[in-house]
Amino acid sequence: MKKLLSIVVPCYNEEEATPIFYKTIHEMEAELASVDLEFVFVDDGSRDNTLKVLKGLHQQDERVHYVSFSRNFGKEAGIYAGLEKAKGDYVVIMDVDLQDPPSMLPKMLSEIENGEYECVSTRRVDRKGEPPIRSWFARKFYKIMNKISSADIVDGARDYQMMTRKVVNAILSMGEYNRFSKGIFGWVGFKRKWLEFENVERVAGETKWSFWKLFIYAIDGIVAFSTAPLTLASVFGSIMCLVAFLFIIVIIVRTLIFGDPTSGWPSMVCIILLVSGIQLLCLGIQGQYMAKTYLETKKRPIYLVQEEE
Ligand code: UDP
Ligand code: MG
């Protein structure tokens, strides 16, 4: 019997891109003839006609399944729902805007079918068509992240990856609420092959990621996969103790040699501001972790379904 390949596609306000995506995959089915196909679209609370389009596709092709959320839960939740619904022996996660080139599917499939790798991942080798400031922050983020986290997070890695059932189950076993997929994929491990491609621009619609959203996403990623920022308070504290100790010695010696020195208040104000600033910063960092722990302990569902087929 042929193995089943599930294509998991999170969609948010993608009424234009969805039919183009389906058509593109449909046209290259001959190249994927060694497996049966299944589509799992996740409508992430779209406010346009995405759900209608998906229903249409389901009517025309019974291999098309969809899950529709009660509201927008974010791409990470969409991926989780898609993976839960997918029945395939192999599963591939793709963006609907064709920024994950479908032309790579046959190569990915043959690598997986060879049996040497459990997972075939992709990364962009450039960031063409993206504002330079965004690329700069992204690069810095990956650099810092890899230093302070045990999850292997690769610069330019996409969510576009094909994996075996083993890997899918491993990802599903991580039921955390704060889902940072790039971290989760790296954290589960398994033998992984990397394929590279050049950035492709979106086929229709527009990106859902503003700079600010990406910034929050980066902070969430760090909080989810590293506890290093929590040690900052201890580091700052130790340094300050050392400096204070040296200061005390200097002042005592100076007083003994030169008598009572006149000390200025401006330096005092600066020191107070600096130290209280550092204290607040560290408190804020701890707050971030506490907030995430708080949300995690509530054990809320990752997504809520309105309808599915
Ligand atoms: N997406 C989603 N929920 C969201 C935002 C995005 O399911 O809240 C989907 C979107 O429809 C697309 C994929 O995630 O299929 C990638 O989104 P986008 O193209 O906006 O991101 P970019 O490629 O610009 O990083
Ligand atoms: Mg995109």
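One-based numbering, in listed order, for ligands and for the atoms of each. One is the number of the first residue; the rest follow in order along the sequence.
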Notebook entry, point to check: Taking only heavy atoms of Cys11, which atoms of ligand 1 are found under 4.0 Å from at least one of them?
Noted result: 7 (O), 11 (O)

Next item on the list: State, without any angle test, whether Thr50 and Glu14 hold a side-chain donor-acceptor pair at a distance under 3.5 Å.
Entry: no

Item checked: Protein contact of atom 8 (O) of ligand 1 - nearest heavy atom, named by residue and atom, plus distance -> Asn72 ND2, 3.1 Å

Check: What atoms of ligand 1 come within less than 4.0 Å of a heavy atom belonging to Asp97?
Finding: 19 (O), 23 (O)

Note to self: Does the structure place the NZ or CZ of Arg71 under 6.0 Å from the centre of the six-membered ring of Phe73, at an angle of no more than 45° from the ring's axis?
What the structure shows: yes

Check: In the protein, what heavy atom is nearest to atom 1 (N) of ligand 1, and what distance, to one decimal place, separates them?
Finding: Tyr12 CB, 3.8 Å

Next item on the list: Looking only at protein heavy atoms, identify the closest one to atom 16 (C) of ligand 1 and say how far it is in Å.
Entry: Asp95 OD2, 3.2 Å

Notebook entry, point to check: Is the Mg ion (ligand 2) less than 2.8 Å from at least one N/O/S atom of Asp97?
Noted result: yes

Check: Do ligand 1 and Lys213 have nitrogen or oxygen atoms that lie under 3.5 Å from each other?
Finding: no

Note to self: What's the separation between atom OG1 in Thr18 and atom CG in Asp48, rounded to the nearest 0.5 Å?
What the structure shows: 8.0 Å

Note to self: Under a 4.0 Å threshold between the charged nitrogen and the carboxylate oxygen, would Asp155 count as salt-bridged to Lys143?
What the structure shows: no

Notebook entry, point to check: Taking atom types as modelled, is there a side-chain donor on Ser6 or Glu38 under 3.5 Å from an acceptor on the other?
Noted result: yes

Check: Which protein non-hydrogen atom lies closest to atom 14 (O) of ligand 1, naming both residue and atom, and how far is it?
Finding: Lys75 CD, 3.2 Å

Next item on the list: Could you please spell out the steps behind the ring-ring contact (aromatic ring centres under 6.0 Å, His included) verdict for Phe211 and Phe137?
Entry: CA-CA 10 Å; Phe211 183 79; Phe137 271 105; 5.4 Å; yes

Check: Side chains of Arg192 and Ser121: do they bring a donor and an acceptor to under 3.5 Å?
Finding: yes

Note to self: Tell me the contacting part of Asn13 for ligand 1: side chain, backbone, both, or neither, using a 4.0 Å heavy-atom threshold, strictly below.
What the structure shows: neither

Note to self: Out of all atoms in ligand 1, which are within 4.0 Å of some heavy atom of Glu14? Include the element for each.
What the structure shows: 10 (C), 11 (O), 12 (C), 15 (O)

Notebook entry, point to check: Which residue and non-hydrogen atom of the protein lie closest to atom 18 (P) of ligand 1, and at what distance in Å?
Noted result: Arg202 NH2, 3.5 Å

Check: Which residue holds the protein heavy atom closest to atom 24 (O) of ligand 1, what is that atom called, and what is the gap in Å?
Finding: Thr207 OG1, 2.6 Å

Check: When you measure from atom 15 (O) of ligand 1 to every protein heavy atom, which one gives the shortest distance, and what is it?
Finding: Pro10 O, 2.8 Å

Check: Do the side-chain N and O atoms of Glu84 and Tyr303 include a donor-acceptor pair separated by under 3.5 angstrom?
Finding: yes

Item checked: atom 25 (O) of ligand 1 - nearest protein heavy atom and its distance -> Trp209 CD1, 3.6 Å

Checklist line | Centroid separation Tyr217 to Phe180 less than 6.0 Å | finding: yes

Check: Of the backbone atoms (N, CA, C, O) and the side-chain heavy atoms from C-beta on, which set of Gln99 has a member under 4.0 Å from an atom of ligand 1: side chain, backbone, both, or neither?
Finding: side chain

Note to self: Below a 4.0 angstrom heavy-atom separation, can you tell me which part of Asp44, side chain or backbone, both or neither, approaches ligand 1?
What the structure shows: side chain

Check: Under a heavy-atom criterion of less than 4.0 Å, does Gly74 contact ligand 1?
Finding: yes

Notebook entry, point to check: Looking at Lys75 and Asp95, does any basic side-chain N land under 4.0 Å from a carboxylate oxygen?
Noted result: yes

Note to self: Taking the basic N atoms (NZ, or NE/NH1/NH2) and the acidic carboxylate oxygens, is any pair closer than 4.0 Å for Arg123 and Glu196?
What the structure shows: yes

